[in-house]
Amino acid sequence: MRYSIRGPRRGPALLATAVALATAAACSGGSAAGPAGSASAPSPGPATSAQPSPTPTPTRTYPLSSAPRTVPAVRSHEPARGPGWKPAPAGGVVIAANSGGLADEGKLIAGELGIPYRGAVAAGPGDVELALGGTGAPESYTLAVRDGRVRISGPDEAGVFYGTRTLKQSVKATGAMPEGTVNDRPAKPQRGLNVDTARKHFTAAWIEDRIREMGDLKLNQLGLHFSDDQGFRIASDSHPEVVSAQHLTKAEVRRILALAAERHVTVVPEIDSPGHLGAVIAAHPDLQLRSATGRAPRGAVDIANPESARIVDDLLREYSQLFPGAYWHLGADEYVALMAKDPEATYPELARAAKAKYGPSARVQDLATGWLNDRAAVVRPTGKTLKAWNDGFFTGGVVAAAKDLEVEYWTGKEIGAREPVSYLSRGRRMVNLNDEYLYYVLGEPNDFAYPTGRRIYEQWTPLVVRGTSPVPAKYDPQILGARFAVWCDLANSQTPAQVAAGIRLPLAALSQKVWNPAKPTESWDRFRALAERVRG
């Protein structure tokens with residue numbers, strides 16, 4: 001501990017005398033004049049006009065602070081000297097002027113820290129103040145700790161919310177928020193989790209727990225794949241006949257959406273078509289695609305049948321109104337007709353329909369691309385950004401996929417799958433769901449293995465879109481982010497609780513790498529221990 005001398009300014013001689021007196025007092029255990037009543041104490045000398053120097057009062061000088069301990073780690077921390085900030089009964093959470101929209105964020109962090117929420121009043125000693133303002137990316141924020149107070153500000157509510165997550169995690173990790181200033185922002189705008197709720201029913205409460213977890217990790221997208229061969233998991237007014245017995249009610253969905261909005265998570269719904277529609281086909285068998293030999297591939301609708309488009313479009317219109325978020329996922333992967341060695345010979349009815357609609361050079365892939373574009377046209381008036389899986393995009397046809405579709409790249413293992421650069425070099429924007437690192441497939445079929453947080457943390461970055469090799473860095477601006485995906489191929493292989501436990505560390509690792517793709521400074525073991533400490 002270091003000390004400084006307080007008191008009136010003195011000349012060098014007097015300051016040296018004061019230090020000597022203080023040292024003598026400390027060594028003798030009494031005052032600088034000697035212990036009272038001591039037989040060896042000198043007799044008082046003659047009175048003089050000079051006053052004795054006061055004993056100096058020691059004060060603490062703090063070392064420079066260290067960055068807060070959080071997951072993901074903050075990108076910039078300016079250290080300072082000071083005690084930092086700890087929750088105390090005298091402190092509370094307040095909202096700055098013209099920042100009333102932060103009331104939800106304020107009430108949440110106040111409850112988490114166990115201090116009162118006082119609303120729109122001036123900040124006082126020990127307070128946490130939330131404020132809107134400043135420039136920068138919408139999800140950026142500044143968190144300043146000085147004079148016993150915390151101020152979190154940002155140009156948008158999402159950034160201020162992330163600042164409160166930093167404060168919460170730092171207090172959980174060390175009991176305090178260190179002195180200094182954090183300036184933080186994400187590297188990627190799309191960061192999240194994808195959950196297959198079609199093959200396995202997950203309750204609203206389970207999904208809500210994942211949203212809370214995602215918010216604390218500064219993840220902002222939850223993909224819901226709620227329609228597939230095994231189930232259709234959200235209630236429908238337009239086609240109740242397709243809905244599975246186990247499903248979410250619309251009231252439950254609205255409750256999920258309300259929590260997601262509070263935690264700044266956007267829900268991205270997906271009705272996959274023209275494949276993966278087995279639950280719809282079960283209620284409408286006349287939509288089933290059939291090959292020249294009469295084979296009926298599971299989940300594939302006949303895209304030459306106008307009734308297929310009518311029913312799917314009814315569902316798209318209904319659910320695009322239920323989900324207010326900025327994104328919609330159209331699916332488009334694994335349409336079995338296009339996985340045949342010779343689609344035109346195997347599915348001659350589709351080949352004839354393609355030529356009739358798009359000309360003599362058209363093939364089945366053009367009919368499928370036209371289907372994708374037509375479904376996009378149904379949702380586009382809502383203003384949502386549209387997504388489709390990478391194996392729903394084709395080259396060399398007479399019909400091209402709409403230019404505004406974002407590519408969700410998941411695999412290079414499918415027949416005819418193209419390298420990510422094939423899309424990026426044509427200007428496509430892409431989200432990374434690399435099945436080598438980011439696919440948690442229940443039961444581990446088809447050579448899948450449960451991904452580990454360590455492997456993501458140490459080896460993966462958003463540039464590693466396919467396999468283990470990154471795309472050239474020049475394409476980084478086109479890679480918008482990544483989502484970790486849970487697929488329930490063998491649905492009974494794990495319980496919902498086991499799934500939640502299994503994805504916890506991978507999600508934490510993903511959050512670090514989409515917030516800051518640079519090589520982490522912490523070892524995996526230290527990161528894992530921190531992730532365990534700050535969770536919840």
Looking at Ala198, is its backbone amide N or carbonyl O close enough to the side chain of Gln230 to form a donor-acceptor pair, meaning the two atoms are under 3.5 Å apart? no
Could you tell me if Lys218 sits above the aromatic ring of Phe161, with its cationic atom closer than 6.0 Å to the ring centre and no more than 45 degrees from the axis? no
Please confirm whether the backbone N or O of Arg528 pairs with a side-chain atom of Glu522, one donor and one acceptor, at under 3.5 Å? no
Looking at Pro472 and Val421, what are the two nearest heavy atoms and their distance? CD-CG2, 3.9 Å
For Thr346, side chain to side chain contact (heavy atoms under 4.5 Å, CB included) partners two or more places apart: Ser291, Ala340
Quick one: do Glu252 and Arg233 make a salt bridge, cutoff under 4.0 Å? no
Could you please spell out the steps behind the side-chain contact (heavy atoms from CB on, under 4.5 Å) verdict for Arg466 and Arg418? CA-CA 10 Å; Arg466 171 177 173 169; Arg418 293 151 52 201; 5.6 Å; no
Interatomic distance, His329 atom NE2 to Leu224 atom CG [nearest 0.5 angstrom]: 12.0 Å
Regarding Arg310 and Asp314, does a basic nitrogen lie under 4.0 Å from an acidic carboxylate oxygen? yes
Say you draw a straight line from OG1 of Thr166 to CG of Asp184; how long is it, rounded to the nearest 0.5 Å? 5.5 Å
Taking Asn305 for the side chain and Leu287 for the main chain, is one N or O donor matched with an acceptor at less than 3.5 Å? no
Short side-chain donor-acceptor distance under 3.5 Å, Glu157 and His264: no
If you round to the nearest 0.5 Å, how far is OH of Tyr409 from CG of Asp435? 8.5 Å
Any luck finding a side-chain donor-acceptor pair between Glu105 and Thr164 under 3.5 Å? no
Is the shortest side-chain N to carboxylate O distance from Asp228 to Lys200 below 4.0 Å? no
More than 12 heavy atoms of other residues, nucleotides or ligands under 6.0 Å from CG of Asp525: is that the case? yes
If you take all heavy atoms of Tyr423 and Asn390, which pair is closest and at what distance? OH-O, 2.8 Å
Side-chain (Asn432) to main-chain (Pro462) donor-acceptor, under 3.5 angstrom: yes
Any chance you could lay out the side-chain contact (heavy atoms from CB on, under 4.5 Å) test for His284 and Val242, step after step, and finish with the verdict? CA-CA 8 Å; His284 296 275; Val242 307; 4.2 Å; yes
Derivation of the side chain to side chain donor-acceptor pair (under 3.5 Å) call for Gln459 and Thr468: CA-CA 8 Å; Gln459 300 178 17; Thr468 59; over 6 Å; no
Not counting sequence neighbours, which residues clear side-chain hydrogen bond (donor to acceptor under 3.5 Å, both in side chains) with Glu270? List them please. His225, Trp389
Between the side chains of Tyr475 and Arg428, does any donor sit under 3.5 Å from an acceptor? no
Is any side-chain N of the basic residue among Glu262 and Lys107 closer than 4.0 Å to the acidic one's carboxylate O? no
Spacing of CG belonging to Leu289 relative to CG belonging to Leu277, to within rounding of 0.5 Å: 11.5 Å
Do the side chain of Ser308 and the main chain of Ile303 share a donor and acceptor less than 3.5 angstrom apart? no
Is there a donor-acceptor pair closer than 3.5 Å between any side-chain N or O of Ser244 and the backbone N or O of Gln246? no
Going from CZ on Phe226 to CZ on Phe323, what distance comes out if it is rounded to the nearest 0.5 angstrom? 5.0 Å
For Pro517 and Thr461, the nearest pair of non-hydrogen atoms, with its separation, is O-CG2, 4.0 Å
Nearest-0.5 Å distance that lies between atom CD1 in Ile311 and atom CG in Leu316: 12.0 Å
Side-chain contact, heavy-atom cut-off 4.5 Å: Arg191 with Leu510? no
Determine whether the aromatic ring centres of Trp515 and Tyr162 lie less than 6.0 Å apart. yes
Could you walk me through whether Lys355 and Asp366 pass salt bridge (Lys or Arg N to Asp or Glu O under 4.0 Å), step by step? CA-CA 9 Å; Lys355 293 179 183 296; Asp366 297 300; over 6 Å; no
salt_bridge(Arg504, Glu213) N-O dist < 4.0 Å: no
Taking side-chain contact (heavy atoms from CB on, under 4.5 Å) as the criterion, tell me which of Arg165, Glu532, Gln169 meets it with Val71. Gln169
Among Trp487, Tyr439, Tyr437, exactly one meets ring-ring contact (aromatic ring centres under 6.0 Å, His included) together with Trp410. Which residue is that? Tyr439
For Gln512 and Pro72 the tightest heavy-atom approach is OE1-CA, 3.4 Å
For the residue pair Val534 and Thr70, establish whether any side-chain heavy-atom pair is separated by less than 4.5 Å. no
CZ/Arg429: more than 12 non-hydrogen atoms of other groups inside 6.0 Å: no
Val499 versus Val195: any side-chain heavy-atom pair under 4.5 Å? no
Given salt bridge (Lys or Arg N to Asp or Glu O under 4.0 Å), test Glu349 with Arg290 step by step and report yes or no. CA-CA 9 Å; Glu349 291 298 324; Arg290 296 188 181 277; over 6 Å; no
Start with the C-alpha gap between Phe232 and His239, add the side-chain angles, then the distance that decides, and say whether side-chain contact (heavy atoms from CB on, under 4.5 Å) holds. CA-CA 11 Å; Phe232 193 103; His239 288 283; over 6 Å; no
Go through the steps for Val486 and Asp196 under the test side-chain contact (heavy atoms from CB on, under 4.5 Å), then give the verdict. CA-CA 6 Å; Val486 175; Asp196 171 13; 5.7 Å; no
Might you confirm whether atom CZ of Arg185 has over 12 heavy atoms from other residues, nucleotides or ligands at distances under 6.0 Å? no
Residue pairs passing the ring pair (Phe, Tyr, Trp, His ring centres under 6.0 Å) test with at least one member in residues 184-217, sequence neighbours excluded, are Phe202-Trp206
Using 4.0 Å as the upper bound for N to carboxylate O, is an ion pair formed by Glu208 and Arg255? yes
Scanning both residues in full, the closest heavy-atom pair of Leu248 with Thr203 reads CD2-C, 4.2 Å
